[in-house]
Amino acid sequence: QGFEVTRLNAGAADFKLEKNGHVTLVSAKRYKAATHGLEALQALVAQQEAQGADKAMYVCLGGVTEQAGKFAKEKGVVLGWVS
C-alpha cells in the first residue's frame with residue numbers, strides 16, 4: 001500500500017509507518033496477558049508525542065482493560081486485536 005516501514009528497537013512502538021509525510025507508530029507486542037492495561041498505551045502515546053507522529057496503533061492478541069480503552073479513545077489510538 002506504499003508505506004515505508006521502519007523497525008524500531010527502543011520505546012513502546014515496534015514499527016514506524018510513513019506515507020505521504022504522515023507517520024504512524026505501531027505497537028504490536030505479543031504479551032501473554034489476556035488483557036492489556038493502561039501503561040502500555042500511555043507509553044505509546046508518550047512516544048507518539050515525543051516523535052511528533054500523526055497516529056498511534058496498538059495491536060495485541062487479547063483485548064484491553066476498560067480504562068485502557070477509554071484512554072485510547074481519548075487519545076485517538078487505534079486498537080486492534082487478533083484472536
Point to revise | Separation between CD of Q67 and CD of E39, rounded to the nearest 0.5 Å | key: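 So the gap between those two atoms works out to 8.0 Å.
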
Exercise for review: Measure the spacing between CZ of F15 and CD of E4 and express it to the nearest 0.5 Å.
Suggested key: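 Taking CZ in F15 and CD in E4, the distance rounds to 14.0 Å.
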
What pair of heavy atoms forms the shortest contact from [X] to [Y], and how long is it?
{"X": "L8", "Y": "L25", "answer": "CD1-CD2, 4.0 Å"}
{"X": "D54", "Y": "H22", "answer": "OD2-CA, 3.0 Å"}
{"X": "A12", "Y": "S27", "answer": "O-OG, 3.2 Å"}
{"X": "A68", "Y": "G37", "answer": "CB-C, 3.7 Å"}

Does any part of the side chain of [Y], heavy atoms only, come nearer than 4.5 Å to the side chain of [X], both counted from C-beta?
{"X": "T35", "Y": "V64", "value": "no"}
{"X": "L41", "Y": "L79", "value": "yes"}
{"X": "V23", "Y": "L17", "value": "no"}

Check your understanding: Are the side chain of Q47 and the backbone of A13 linked by a donor-acceptor contact shorter than 3.5 Å?
Key ->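 Side chain of Q47 to backbone of A13, a donor-acceptor pair under 3.5 Å: yes, one is there.
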
Point to revise | Under 3.5 Å: donor-acceptor pair, side chain of K19, backbone of T24 | key: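 Absent.
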
Review point. Residues two or more places apart in sequence or in another chain: which of them pass side-chain hydrogen bond (donor to acceptor under 3.5 Å, both in side chains) with D14?
Key: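 Only K29 meet the side-chain hydrogen bond (donor to acceptor under 3.5 Å, both in side chains) criterion with D14.
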
**Study point:** Listed once per pair and sorted, the salt bridge (charged side-chain N to carboxylate O under 4.0 Å, His left out) pairs that draw on residues 63-76, sequence neighbours left out
**Key:**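 Residue pairs passing salt bridge (charged side-chain N to carboxylate O under 4.0 Å, His left out), neighbours aside: E66-K70.
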
Exercise for review: Run through L38, V45, L44 and flag the one making a side-chain contact (heavy atoms from CB on, under 4.5 Å) with Q42.
Suggested key: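 Of the listed options, the one satisfying the test is L38.
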
